[in-house]
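Data block below; observations after.
Just so you know, these numbers use all the heavy atoms, side chains as well, and skip hydrogens, waters and symmetry mates. Everything numeric in this text was worked out from a predicted model, so none of it was measured.
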Amino acid sequence: MNRKIAKLSSLVNVFAVFSFALAMLAGSDFFSYFSAIFIAFSFVPMISSFCFFAKSEVRLAGYVSVGFAIVYSALILLVYYAQITTVHAGGLSHEALTLLDFQQFGLFFNYDMLGYGLMSLATFFAGLTLTVQSKVDKWLKAMLLVHGIFFVSCFFMPMFGLFKPDMAGGDWIGIAVLLVWSLYFIPIGVLSFKHFSRI
């Protein structure tokens with residue numbers, strides 16, 4: 001059962017990230033937010049699986065990764081569920097939209113950035129739990145650790161007010177960055193599935 005949960009969560013994560021990328025290319029905010037919810041749903045059990053199967057000497061890194069994954073998931077679910085329910089329903093005042101609407105680069109956008117920063121830390125610590133026994137493990141470990149670098153930009157860029165609603169080309173820049181992230185993260189899910197299949 002443990003291995004099945006690990007494999008299934010990895011596959012769901014791949015499908016959710018792929019759906020997220022497609023929704024962004026199609027210009028559908030609703031479905032990109034909806035897909036992001038399932039990225040969070042699948043990410044927590046996937047990261048928990050790294051912790052569960054880790055050797056005892058690296059288990060603490062696994063616990064840390066699970067902790068960051070849970071906080072990431074809570075923030076992301078808060079942000080995107082609000083987008084597909086409260087914001088999508090309309091009728092909000094200008095002040096409320098400034099705070100809640102992801103497209104306004106306000107409070108909820110900053111929570112989103114913080115969430116993905118914590119996701120990066122979760123992958124970094126998950127990478128520390130891996131004992132390399134194959135090429136799959138080698139690539140997976142490297143990609144998880146390198147993904148941790150995203151924490152710096154996700155955490156600090158909102159502090160400098162670099163994102164604004166009227167930013168020239170902001171939409172295309174944002175889409176391009178998220179597509180690159182998707183292309184990076186899909187292989188992590190695939191390699192995780194292969195890794196858990198061999199356990």
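- Contact annotation: the side chain of Thr129 never approaches that of Lys55 to less than 4.5 Å [non-hydrogen atoms, C-beta and beyond].
- Aromatic ring orientation, Phe31 versus Phe34: perpendicular (interplanar angle above 60°, classes split at 30° and 60°).
- The closest side-chain heavy-atom distance from Ile39 to Ile76 is not below 4.5 Å.
- There is no path of hydrophobic side-chain contacts, each under 4.5 Å, that joins Phe150 to Leu183.
- For Ser73 (side chain) and Ile70 (main-chain N/O), no donor-acceptor pair under 3.5 Å exists by modelled atom type.
- Here the closest non-hydrogen pair linking Lys141 and Val132 is CD-CG2, 3.6 Å.
- Looking only at atom types and distance, the side chain of Trp139 has no donor-acceptor partner in the side chain of His195 under 3.5 Å away.
- Using a 4.5 Å cut-off on side-chain heavy atoms (C-beta onward), Phe43 and Asn13 make contact.
- Using a 4.5 Å heavy-atom cutoff, the side chains of Phe105 and Asn110 are not in contact.
- Side-chain contact between Met143 and Tyr184 is present, with at least one heavy-atom pair separated by less than 4.5 Å.
- Between Ser42 and Ser9 the shortest heavy-atom distance is CB-O, 3.4 Å.
- Taken together through direct or relayed side-chain contacts under 4.5 Å among Ile, Leu, Val, Met, Phe, Trp and Tyr, Leu92 and Phe30 form part of one hydrophobic cluster.
- Here the CD atom belonging to Gln83 is positioned 9.5 Å from the CG atom belonging to Leu78, to the nearest 0.5 angstrom.
- Within a 6.0 Å radius of CZ in Phe18, other residues, nucleotides and ligands contribute 12 heavy atoms or fewer.
- Although no hydrogens or angles enter the test, the distance criterion places no donor-acceptor pair under 3.5 Å between the side chain of Gln104 and the main chain of Leu100.
- Here the side chains of Leu144 and Ile188 are in contact, with some heavy-atom distance below 4.5 Å.
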Task: Candidate pair Phe185 and Met119, rule side-chain contact (heavy atoms from CB on, under 4.5 Å), full reasoning - done: CA-CA 11 Å; Phe185 209 78; Met119 178 197 217; 3.7 Å; yes

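- One finds the OG atom of Ser65 at 10.0 Å from the CE atom of Met46 (value rounded to the nearest 0.5 Å).
- The shortest non-hydrogen separation linking Leu128 to Leu145 is CD2-CD2, 3.8 Å.
- In terms of heavy atoms, Arg3 sits closest to Ser197 at NH1-O, 2.6 Å.
- A ring-centre distance under 6.0 Å is found for Tyr116 and Tyr72.
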Task: Derivation and outcome, side-chain contact (heavy atoms from CB on, under 4.5 Å), residues Phe125 and Leu60 - done: CA-CA 9 Å; Phe125 282 97; Leu60 178 59; over 6 Å; no

- [ ] List the steps, then state whether side-chain contact (heavy atoms from CB on, under 4.5 Å) holds for Ser120 with Phe155.
- [x] CA-CA 10 Å; Ser120 300; Phe155 186 76; over 6 Å; no

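- Distance CG/Leu118 to OG1/Thr123: 11.0 Å, rounded to 0.5 Å.
- Side-chain contact between Trp181 and His147 is present, with at least one heavy-atom pair separated by less than 4.5 Å.
- Distance CZ/Arg198 to OG/Ser134: 4.0 Å, rounded to 0.5 Å.
- Using a 4.5 Å cut-off between side-chain heavy atoms of Ile, Leu, Val, Met, Phe, Trp and Tyr, with links allowed through other members, Leu77 and Phe68 fall into the same hydrophobic cluster.
- Contact detail for Ile186 and Val14: the closest heavy-atom pair is O-CG2, 3.8 Å.
- Looking at heavy atoms from C-beta onward, Ile37 lies in side-chain contact with Ile84 at the 4.5 angstrom threshold.
- No single ILVMFWY cluster, assembled from side-chain heavy atoms under 4.5 Å apart, contains both Tyr63 and Leu121.
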- [ ] Evaluate side-chain contact (heavy atoms from CB on, under 4.5 Å) for Ser10 paired with Phe196, printing each intermediate quantity in order.
- [x] CA-CA 9 Å; Ser10 300; Phe196 296 131; 3.5 Å; yes

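- The NE2 atom of His88 sits 12.0 Å away from atom CG of Asp101, with the distance rounded to the nearest 0.5 Å.
- Tracing side-chain contacts under 4.5 Å through hydrophobic residues (I, L, V, M, F, W, Y), one never reaches Val12 starting from Phe50; they form parts of separate clusters.
- For the atom pair Lys135 NZ and Leu191 CG, the distance stands at 13.0 Å (nearest 0.5 Å).
- For the ring-ring contact (aromatic ring centres under 6.0 Å, His included) with Tyr33, the qualifying choice from Phe108, Tyr80, Phe20, Phe38 is Tyr80, the only one to do so.
- Here the shortest heavy-atom pairing between Met24 and Ser32 reads CG-CB, 3.9 Å.
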